[in-house]
Enquirer: 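Pasting in a structure now, in structure tokens, and then I'll have a few things to ask.
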Amino acid sequence: MRIYLDTCCYNRPFDDKSQMKIRLESMAKLFIQKKVYDGAYDLVWSYILDYENKENPYGDRRENIQDWENEAVFYCKPLDEILNKAEELRTIGIKRKDALHISCAIYSECEYFITTDYKLLNKRVDGIKIVNPITFIEERGE
């Protein structure tokens, strides 16, 4: 099964874990990472992940996150089909970069789009399940 993690999900383990929800999401994201390493899930990477990660002002985080590109089984490039789908997603109130992430995930035939962005978690998009890392683990019965 292919999965796509957005930028905020990759950054979650670096966030302040004094809030229990952030701590649990961090643990869940790290669990998902281990499953990717173990070959249980196929990770997808994209040009928009590259772009956003290069904007990360924290060098150690940026390098750690960028290493995940090497674990990906598929790299999603900026194709017209992706850009067109992203524009369609914007019409339902999804911000541009988020729409590009989701469009890449759909194009790459991911079953899950994993995010910690609370605004995105309330969106319903045909062709993909948008979940946080905790819900992903629960749905998979892990």
Enquirer: So, taking the atom named CG in Leu49 and the one named SG in Cys104, what distance separates them when rounded to the nearest 0.5 Å?
Expert: 7.5 Å

Enquirer: Hey, are the side chains of Asp15 and Arg12 touching, using non-hydrogen atoms and a 4.5 Å cut-off?
Expert: yes

Enquirer: Identify the heavy atoms of Thr116 and Cys9 that sit nearest to each other, and give their distance.
Expert: OG1-N, 3.9 Å

Enquirer: Verify the neighbour count for atom CD of Glu81: are there more than 12 heavy atoms of other residues, nucleotides or ligands below 6.0 Å?
Expert: no

Enquirer: First locate atom CZ of Phe31, then atom CZ of Arg140, and finally report the distance between them rounded to the nearest 0.5 Å.
Expert: 11.0 Å

Enquirer: What's the shortest heavy-atom distance between Tyr47 and Lys77, and which atoms?
Expert: CD2-C, 3.6 Å

Enquirer: Enumerate, atom names and distances included, each donor-acceptor pair closer than 3.5 Å involving a side-chain atom of residues 119-127, sequence neighbours excluded.
Expert:
| from | atom 1 | to | atom 2 | distance (Å) |
| --- | --- | --- | --- | --- |
| Asn122 | ND2 | Tyr118 | O | 3.4 |
| Lys123 | NZ | Ile92 | O | 3.1 |
| Arg124 | NH1 | Leu121 | O | 3.3 |

Enquirer: Of the non-hydrogen atoms in Ala105 and Ile128, which two are nearest, and what is the gap between them?
Expert: CB-CD1, 3.4 Å

Enquirer: Run the ring pair (Phe, Tyr, Trp, His ring centres under 6.0 Å) test against Tyr107 and tell me which residues pass, sequence neighbours left out.
Expert: none

Enquirer: Using a cut-off of 6.0 Å, state whether more than 12 heavy atoms not belonging to Gln19 lie near its atom CD.
Expert: no

Enquirer: What verdict does the side-chain contact (heavy atoms from CB on, under 4.5 Å) test give for Arg62 and Glu55, after you've listed the backbone C-alpha separation in whole Å, the side-chain angles of each residue and the deciding distance to 0.1 Å?
Expert: CA-CA 8 Å; Arg62 186 175 53 246; Glu55 298 293 310; over 6 Å; no

Enquirer: Is there a side-chain contact (heavy atoms from CB on, under 4.5 Å) between Ile32 and Ile137? Walk through the geometry before answering.
Expert: CA-CA 8 Å; Ile32 293 166; Ile137 290 171; 4.2 Å; yes

Enquirer: Any chance OH of Tyr51 has more than 12 other-residue heavy atoms, nucleotides or ligands included, within less than 6.0 Å?
Expert: no

Enquirer: Count I, L, V, M, F, W, Y as connected when their side-chain heavy atoms are under 4.5 Å apart, and connections chain through other members. Are Met20 and Met27 then in the same cluster?
Expert: no

Enquirer: Strictly distance-based, threshold 3.5 Å: is any side-chain N or O of Ser26 a donor or acceptor partner for the main-chain N or O of Ile22?
Expert: yes

Enquirer: Can you list everything that forms a side chain to side chain contact (heavy atoms under 4.5 Å, CB included) with Glu88? Sequence neighbours excluded, please.
Expert: Lys85

Enquirer: Between Ser103 and Ile82, is the side-chain contact (heavy atoms from CB on, under 4.5 Å) condition met? List the steps.
Expert: CA-CA 5 Å; Ser103 184; Ile82 291 166; 3.5 Å; yes

Enquirer: So do the side chains of Ile102 and Tyr4 get within less than 4.5 Å of each other, counting heavy atoms only?
Expert: no

Enquirer: Taking only residues two or more places apart in sequence, or in another chain, which ones meet Ala99 in a side chain to side chain contact (heavy atoms under 4.5 Å, CB included)?
Expert: Ala86, Leu89, Arg90, Ile94

Enquirer: Could you tell me the separation between the CG atom of Asp67 and the OH atom of Tyr10, rounded to the nearest 0.5 Å?
Expert: 11.0 Å

Enquirer: Would you check if the side chain of Asn11 reaches a backbone N or O of Thr7 as a donor-acceptor pair within less than 3.5 Å?
Expert: yes

Enquirer: Side-chain donor-acceptor pair under 3.5 Å between Asp6 and Thr115, yes or no?
Expert: yes

Enquirer: Please determine whether residues Ile114 and Leu24 belong to a single hydrophobic cluster, defined as Ile, Leu, Val, Met, Phe, Trp and Tyr linked transitively by side-chain heavy-atom distances below 4.5 Å.
Expert: no

Enquirer: Suppose we screen for side-chain hydrogen bond (donor to acceptor under 3.5 Å, both in side chains). Which residues come up paired with Ser18, at least two apart in sequence or across chains?
Expert: Asp16

Enquirer: Could I get the full list of side chain to side chain contact (heavy atoms under 4.5 Å, CB included) partners for Asp50, not counting sequence neighbours?
Expert: Trp45, Lys54, Gln66, Glu69, Tyr75

Enquirer: To the closest 0.5 Å, what do you measure between OG1 (Thr135) and CD1 (Ile130)?
Expert: 12.0 Å

Enquirer: With heavy-atom distances below 4.5 Å as the criterion, would you say the side chains of Lys34 and Leu30 are in contact?
Expert: no

Enquirer: Taking the six-membered ring of Phe74 as reference, does the NZ or CZ atom of Arg2 fall below 6.0 Å from its centre and within a 45° cone about the axis?
Expert: yes

Enquirer: Please report the shortest heavy-atom distance between Val131 and Glu139, naming the atom on each side.
Expert: CG1-OE2, 4.1 Å

Enquirer: Give a yes or no on whether Asn70 atom CG has more than 12 heavy-atom contacts from other residues, nucleotides or ligands under 6.0 Å away.
Expert: yes

Enquirer: Does the pair Leu100 and Leu83 meet the rule for a side-chain contact (heavy atoms from CB on, under 4.5 Å), with working shown?
Expert: CA-CA 7 Å; Leu100 289 169; Leu83 300 173; 3.7 Å; yes

Enquirer: Is there a side-chain contact between His101 and Glu52, using heavy atoms and a 4.5 Å cut-off?
Expert: yes

Enquirer: Taking the side chain from Asn56 and the backbone from Tyr58, do they hold a donor-acceptor pair closer than 3.5 Å?
Expert: yes

Enquirer: Is Ile3 close to Val44 at the side-chain level, that is, under 4.5 Å between some pair of heavy atoms?
Expert: no

Enquirer: Taking the six-membered ring for Trp, are Phe136 and Tyr112 parallel (under 30°), tilted (30 to 60°) or perpendicular (over 60°)?
Expert: perpendicular

